[in-house]
Q: 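Provided herewith is a single structure, encoded as structure tokens, for subsequent inquiry.
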Amino acid sequence: MPFRSICTCFIAFAAIACACAAAADKAGTVKIVRGSVSVQRQQTILPVAVGDPLYAGDRIVTAGDGSIGMTLRDDTLLSLGPKASFVLEQYQFDPSENSGKIIARLIKGTLRFVTGMVGKIAPENQQLSTPSATIGIRGTDFIVDIPDE
């Protein structure tokens, strides 16, 4: 096999491996966006659009006219209303092992949380923190509202 073919195969394999690694790290996908919504990922603030990936560590912020609907890989549904700030602190889901973990924090605003597979297979592994409480999620559908101070 000529050197050029080996290099081409290696580059293609590396690209596929990177894409698979990125897909494995992806926690979910943005499904609905209205108004102004941004994500803070590490030190970068980006506008959010339908189809964008979400990752553990992302902070989602909605403006006064903003709202967002997100679906995590285990089919957990998250919706944020206007003037909200939310952090997906940890997200793990392995359907082959029937395991997962969701740790999130609502700083302000309104959140609707509908549990997915993690809630069915390991409800004790879901946690939502707010400025005044930590909630162990055992239910399937709830709303939390933290008013602006």
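None of these values were measured; they are calculated from a predicted model.
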Q: Just to verify, what does Val114 make a side-chain contact (heavy atoms from CB on, under 4.5 Å) with, not counting sequence neighbours?
A: Leu77, Arg112, Asp141

Q: Please name the pair of heavy atoms, one in Gly81 and one in Ser67, separated by the smallest distance, quoted to 0.1 Å.
A: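 Minimum heavy-atom contact is CA-CB, 4.3 Å.
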
Q: Check whether any side-chain heavy atom of Leu72 lies under 4.5 Å from a side-chain heavy atom of Leu78, and answer yes or no.
A: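 Answer yes - side chains close enough.
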
Q: Could you work out, with side-chain contact (heavy atoms from CB on, under 4.5 Å) as the rule, every residue matching Asp65, not counting sequence neighbours?
A: Ser36, Ala63

Q: Where do Phe93 and Ile121 land on the side-chain contact (heavy atoms from CB on, under 4.5 Å) test, with the steps shown first?
A: CA-CA 11 Å; Phe93 178 60; Ile121 59 178; 4.2 Å; yes

Q: Could you tell me the separation between the OG atom of Ser79 and the CG atom of Leu111, rounded to the nearest 0.5 Å?
A: 7.5 Å

Q: Counting distance only, does the side-chain N/O of Thr76 pair as donor-acceptor with the main-chain N or O of Gly116 below 3.5 Å?
A: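 Present.
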
Q: If you take all heavy atoms of Val118 and Gln92, which pair is closest and at what distance?
A: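 Smallest heavy-atom distance, with atoms named: CG2-O, 4.2 Å.
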
Q: Between Leu128 and Ile143, is there shared hydrophobic-cluster membership here, with clusters defined by ILVMFWY side-chain heavy atoms closer than 4.5 Å?
A: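 Different hydrophobic clusters.
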
Q: Please list every donor-acceptor pair under 3.5 Å in which a side-chain atom of residues 97-108 meets a protein atom from a residue at least two apart or in another chain.
A:
residue: Arg105; atom: NE; partner: Glu89; partner atom: OE2; Å: 2.5
residue: Arg105; atom: NH2; partner: Glu89; partner atom: OE2; Å: 3.1

Q: For residues 31-43, which residue pairs qualify under salt bridge (Lys or Arg N to Asp or Glu O under 4.0 Å), counting only residues two or more places apart or in two chains?
A: Arg41-Asp58

Q: Given side chains that start at C-beta, do those of Leu80 and Ile60 come closer than 4.5 Å, heavy atoms only?
A: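 Heavy-atom side-chain distance check passes, below 4.5 Å.
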
Q: Count I, L, V, M, F, W, Y as connected when their side-chain heavy atoms are under 4.5 Å apart, and connections chain through other members. Are Phe113 and Val144 then in the same cluster?
A: yes

Q: With the 4.5 Å side-chain cut-off for hydrophobic clustering, are Val48 and Val61 part of the same group?
A: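 Result: no, two separate clusters.
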
Q: Is there a path of hydrophobic side-chain contacts, each under 4.5 Å between heavy atoms of I/L/V/M/F/W/Y residues, joining Ile68 to Val50?
A: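 Val50 and Ile68: one cluster.
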
Q: Holding to side chain to side chain donor-acceptor pair (under 3.5 Å), I want the full list of residues that pass it with Ser96, two or more places apart in sequence or in another chain.
A: Asp94

Q: Are Met117 and Met70 co-members of a hydrophobic cluster defined by side-chain heavy atoms under 4.5 Å apart?
A: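 As far as the 4.5 Å side-chain criterion goes, Met117 and Met70 are connected within one cluster.
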
Q: Kindly write out the residues that satisfy side chain to side chain donor-acceptor pair (under 3.5 Å) with Thr62, not counting sequence neighbours, or none if the list is empty.
A: none

Q: Going by salt bridge (Lys or Arg N to Asp or Glu O under 4.0 Å), name the residues that satisfy it together with Asp52, two or more places apart in sequence or in a different chain.
A: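 For Asp52, no residue satisfies salt bridge (Lys or Arg N to Asp or Glu O under 4.0 Å) once neighbours in sequence are set aside.
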
Q: Which residues satisfy the side chain to side chain donor-acceptor pair (under 3.5 Å) test with Thr71, sequence neighbours excluded?
A: none

Q: Evaluate the side-chain proximity of Arg59 to Phe86: yes if any heavy-atom separation is below 4.5 Å, no if none is.
A: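 Not in contact.
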
Q: What is the minimum heavy-atom distance between Gly64 and Pro82, and which atoms define it?
A: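 Heavy-atom minimum between the residues: O-CB, 3.3 Å.
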
Q: Using side-chain contact (heavy atoms from CB on, under 4.5 Å) as the criterion, list what pairs up with Pro53, not counting sequence neighbours.
A: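 Only Lys26, Tyr55 meet the side-chain contact (heavy atoms from CB on, under 4.5 Å) criterion with Pro53.
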
Q: How close do Val33 and Ala49 get, heavy atom to heavy atom, and via which atoms?
A: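 Reported closest heavy-atom pair: CG2-C, 4.1 Å.
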
Q: With rounding to the nearest 0.5 angstrom, report the OG to CD1 distance, Ser132 to Ile146.
A: 6.5 Å

Q: Closest heavy-atom contact between Ala56 and Tyr91?
A: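 Smallest interatomic distance, heavy atoms only, reads CB-N, 3.8 Å.
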
